[in-house]
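Because the structure is predicted, anything quoted here is derived from the model rather than measured. Note on naming: letters A, B, ... go to the chains in the order of the sequence lines (proteins, then strands), and numbering restarts at 1 for each one.
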Amino acid sequence: MTDSAAVGDARRLLEGAIEALPEGRLAEQLGLGRPLRVKLGIDPTAPDIHLGHVVVLDELRAFQDAGHLVVLIVGDYTARIGDPSGRSAERPVLTEAEIDANAKTFQDQAFRVLDPGRTEVRRNSEWLSMPSDELFRLVRRFTVARLLEREEFSRRISAAEPISVLELLYPVLQGYDSVAVEADVEIGGTDQKFNLLFGRDVQEAFGEEPQSILTLPILPGTDGVRRMSKSQGNYVGVTDTPEEMFGKLMSIPDDAMEQYYRLLLPVRLDPKRHPGEAKRELARRLVERFHDADAALAAEARFDQVHVRGELPDDLEEAVVEADGPSGAVHLPAVLAEHFGLSRSEARRLIDQGGVRIGGRAVEPGRLDVPATDLDGEVLQVGKRRHARVRVAGEG
RNA sequence: GGGGGAGUUCCGGAGCGGUCAAACGGGGCGCCCUGUAAAGGCGCUGGCUCAGCCUUCGCAGGUUCGAAUCCUGCCUCCCCCA
């Protein structure tokens with residue numbers, strides 16, 4: 001029996017989802033009239049959460065706002081296995097301390113979206129760290145054939161790529177998480193579909209009511225192509241400064257904008273709008289969300305100043321430089337290395353390519369030393385986005 | 001247990017005794033263009049006291065005037081047969 005209110009709730013919650021399985025199950029669950037336990041498993045390898053995570057967290061938040069409980073599982077144990085979705089063959093094994101630290105930052109950041117009062121955080125080592133005879137009892141219930149249904153596995157088999165036994169175990173263990181926390185619903189990206197569904201089998205094997213599952217679209221990174229992820233360097237972190245956030249968002253390809261709008265904002269992209277304007281709005285709204293309206297305005301103003309008009313930002317960092325000897329010459333590669341994290345060789349190349357400016361004028365190729373007086377108080381710029389005001393400290 | 005193959009610069013992947021800091025592609029970076037988008041053009045992409053020098057081609061030895069390239073041992077990985 002599902003009352004119409006539950007059906008309405010379900011419709012709202014399913015709005016952003018790609019799939020909800022089994023069909024109609026969520027509406028039934030919502031009709032039970034008790035808070036549902038909604039599970040999300042996270043990997044403690046990436047300590048920062050980014051907009052890709054936000055898509056999922058938003059959905060969880062919607063569940064919380066409807067009165068349900070989120071169970072956040074820190075996969076400290078499964079992290080030792082490595083989910084085959086990331087084709088990364090080997091992951092570095094994290095130490096306990098690293099996992100602690102990552103879990104903590106992740107949690108803190110997740111609470112920028114989630115309601116801590118309706119969130120339960122658990123680590124799967126709590127139940128997965130079991131004696132091997134117990135593990136065997138768990139694993140015995142599943143067949144390899146069942147696991148090979150996963151497309152990733154079958155693809156690798158036909159491509160003659162290796163699959164480790166451990167990887168095969170991953171879905172079983174992460175499915176067991178659902179048993180342990182008695183999940184009613186599990187959420188994940190579309191790439192997690194197999195794992196989510198497999199959780200149902202594991203629950204069933206343990207005499208539990210199988211969860212329903214919800215898959216969500218995957219947000220592309222700032223390159224617009226690959227999924228957003230920290231290791232790809234194409235992410236926008238929720239703790240990025242307003243300037244960084246605004247800048248990164250302005251750099252996404254036009255084609256990706258529609259998805260960013262759909263997955264992260266309450267409004268849709270108006271296809272008739274000028275792309276530049278639409279992108280500004282996207283950037284502005286997201287900065288507002290993770291910082292505030294003033295920060296968004298400031299970030300946009302700075303963006304216009306620095307990148308559109310090519311002017312210098314007001315809040316330049318200061319680089320204090322020592323002049324070299326009584327001649328007062330400053331060795332540019334050394335300065336660039338110290339203040340911009342380049343190697344001196346890189347710095348030389350950059351100079352030769354006209355990528356280094358002093359006071360807006362490109363340093364001529366091959367010119368490695370400049371008189372201190374030409375540099376003091378001037379703005380030293382590398383490429384388009386790195387600059388600092390130089391102060392030459394007394395040459396003695 | 002048997003047989004075969006591979007480990008190269010951020011990634012993929014050439015090179016198989018000197019002309020190799022190592023082709024080519026991807027990525028990244030710089031300049032031009034522009035809406036800091038995309039596409040495109042040109043260039044760079046080990047380090048340094050930079051017309052030269054130093055350290056790199058899984059690890060350790062060895063052969064040689066000279067090795068990423070040959071030999072020996074070790075480590076790791078993959079494939080096929082059982």
Side-chain angles (χ1 to χ4, degrees), chain A residues 82 86-93 156-167 220-227 229-236 240-261 269 271-284 286-287 299-313 324-325 329-338 340-358 360-369 380-387:
Chain A
R87 66 218 133 135
S88 56
E90 276 157 72
R91 284 189 194 191
V93 177
R156 279 159 63 173
I157 286 180
S158 46
E161 285 173 31
I163 297 170
S164 84
V165 173
L166 217 45
E167 286 179 283
T222 50
D223 57 6
V225 181
R226 296 166 302 175
R227 59 177 304 163
S229 99
K230 186 167 190 185
S231 55
Q232 310 259 36
N234 62 356
Y235 74 106
V236 181
D240 281 356
T241 64
E243 289 74 25
E244 282 173 328
M245 214 180 252
F246 200 94
K248 285 184 186 178
L249 288 165
M250 283 305 285
S251 79
I252 67 170
D254 290 359
D255 292 342
M257 247 201 300
E258 194 275 330
Q259 294 184 76
Y260 272 68
Y261 263 80
L269 171 65
K272 291 193 292 289
R273 242 174 126 196
H274 181 74
E277 278 311 307
K279 212 177 284 178
R280 277 171 184 275
E281 181 176 348
L282 171 75
R284 206 182 302 130
L286 287 170
V287 174
E300 184 170 13
R302 184 191 155 104
F303 176 83
D304 283 332
Q305 182 181 24
V306 177
H307 301 294
V308 177
R309 294 197 299 276
E311 296 166 5
L312 296 162
D324 182 36
V330 173
H331 192 57
L332 243 27
V335 176
L336 294 169
E338 179 168 356
F340 296 97
L342 307 170
S343 75
R344 296 185 180 206
S345 297
E346 279 177 303
R348 283 163 185 269
R349 283 184 226 120
L350 247 11
I351 290 171
D352 287 341
Q353 294 184 101
V356 176
R357 287 167 227 270
I358 293 171
R361 274 189 309 278
V363 176
E364 52 188 285
R367 186 176 178 84
L368 303 179
D369 297 285
L380 181 62
Q381 184 173 359
V382 180
K384 284 179 188 162
R385 47 191 82 181
R386 289 169 285 182
H387 16 50

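- A gap of 23 Å separates the P atoms of B:rG43 and B:rG52, to the nearest Å.
- Within the nucleic acid shown, A:Pro253 comes within 4.0 Å of sugar-phosphate atoms alone, with no base atom in reach, counting heavy atoms only.
- Using Watson-Crick or G-U wobble geometry with both donor-acceptor distances under 3.5 Å, B:rU69 finds no partner in any strand shown.
- Within 4.0 Å of A:Gly247, counting heavy atoms only, lies at least one base atom of the nucleic acid.
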Donor-acceptor contacts under 3.5 Å from residues 345-358 of chain A side chains, at least two apart:
{"from": "A:Glu346", "atom 1": "OE1", "to": "A:Ser343", "atom 2": "N", "distance (Å)": "2.8"}
{"from": "A:Asp352", "atom 1": "OD1", "to": "A:Gly366", "atom 2": "N", "distance (Å)": "2.8"}

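- The nearest whole Å value for the distance from the CD1 atom in A:Ile252 to the P atom in B:rG35 is 18 Å.
- Between the CZ atom of A:Arg280 and the C1' atom of B:rG35 there is a distance of 8 Å, rounded to whole Å.
- By the side-chain hydrogen bond (donor to acceptor under 3.5 Å, both in side chains) test, A:Gln305 is found to be paired with A:Asp314, residues two or more places apart in sequence or in another chain being considered.
- Between A:Arg386 and the phosphate of B:rC29, there is no side-chain N or O to OP1/OP2 separation shorter than 4.0 Å.
- Comparing B:rU76 with B:rA60, their P atoms sit 16 Å apart, to the nearest whole Å.
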Report all interatomic pairs (protein N or O, nucleotide N or O of nucleotides 21-27 of chain B) with separations under 3.5 Å.
none

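- Pair assignment for B:rG12 gives B:rC24, based on Watson-Crick or G-U wobble hydrogen-bonding distances that are each under 3.5 Å.
- Put simply, NZ on A:Lys248 is 17 Å from C1' on B:rA37, counting in whole angstrom units.
- Comparing the P positions of B:rU55 and B:rA39 gives an interatomic distance of 41 Å, to the nearest angstrom.
- Separation of the C1' atoms belonging to B:rU56 and B:rU9 is 8 Å when rounded to the nearest angstrom.
- Judged by Watson-Crick or G-U wobble contacts below 3.5 Å, the nucleotide B:rG1 has B:rC81 as its partner.
- A:Asp255 is linked by a salt bridge (Lys or Arg N to Asp or Glu O under 4.0 Å) to nothing, counting only residues two or more places apart in sequence or in another chain.
- Residues satisfying the ring pair (Phe, Tyr, Trp, His ring centres under 6.0 Å) test with A:Phe246, not counting sequence neighbours, are A:Phe303.
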Response to the item:
Each nucleotide of nucleotides 43-55 of chain B classed B (base within 4.0 Å of a protein heavy atom), S (only sugar-phosphate) or -, in 5' to 3' order, makes BSS-SBSB-----

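- In terms of position along RNA chain B, the nucleotide closest to A:Leu350 lies nearer the 5' end than the nucleotide closest to the other residue of the pair A:Leu350 and A:Phe246.
- When the C1' atom is used for both B:rG18 and B:rG66, the distance is 6 Å, rounded to whole Å.
- As a whole-Å value, the separation of A:Asp254 CG from B:rU34 P is 16 Å.
- Expressed to the nearest 0.5 Å, how far CG of A:Leu282 lies from CZ of A:Arg280 amounts to 12.5 Å.
- B:rA37 atom C1' lies 4 Å from atom NZ of A:Lys279, rounded to whole Å.
- Contact detail for A:Met250 and A:Lys279: the closest heavy-atom pair is O-CD, 3.2 Å.
- A straight line from NE2 of A:His274 to P of B:rU34 spans 14 Å, rounded to a whole angstrom.
- Taking both residues in full, the closest heavy atoms of A:Tyr260 and A:Thr222 are given as OH-N, 3.6 Å, listed atom of the first, atom of the second, then distance.
- Put simply, CZ on A:Arg361 is 17 Å from P on B:rC31, counting in whole angstrom units.
- Residues forming a side-chain contact (heavy atoms from CB on, under 4.5 Å) with A:Glu281 (at least two apart in sequence, or on another chain): A:Tyr261, A:Val267, A:Arg273, A:Arg284, A:Arg285.
- Separating the P atom of B:rC50 from that of B:rG62 is a span of 34 Å, rounded to the nearest Å.
- Look at B:rU34: it lacks any Watson-Crick or wobble partner with both distances under 3.5 angstrom.
- As rounded to the nearest Å, B:rU45 and B:rG25 have C1' atoms that lie 14 Å from one another.
- Between A:Met250 atom CE and B:rG35 atom P the separation is 11 Å, expressed in whole Å.
- Here B:rU64 sits opposite no nucleotide as a Watson-Crick or G-U wobble pair (both hydrogen-bonding atom distances under 3.5 Å).
- Each of A:Pro275 and A:Gly355 was matched to the nucleotide of RNA chain B holding its nearest heavy atom; the match closer to the 5' end belongs to A:Gly355.
- Nucleotides B:rU69 and B:rC57 have their P atoms positioned 9 Å apart, rounded to a whole Å.
- Every residue two or more places apart in sequence or in another chain that forms a side-chain contact (heavy atoms from CB on, under 4.5 Å) with A:Arg386 is listed here: A:Phe340, A:Leu342, A:Val382.
- For the pair A:Pro333 and A:Leu368, the tightest heavy-atom approach, listed with the atom from each and the gap, is CD-O, 3.5 Å.
- Every residue meeting the side-chain hydrogen bond (donor to acceptor under 3.5 Å, both in side chains) condition with A:Ser229, not counting sequence neighbours, appears here in chain and number order: A:Ser231.
- Nucleotide B:rC53 forms a Watson-Crick or G-U wobble pair with B:rG47, both donor-acceptor distances falling under 3.5 Å.
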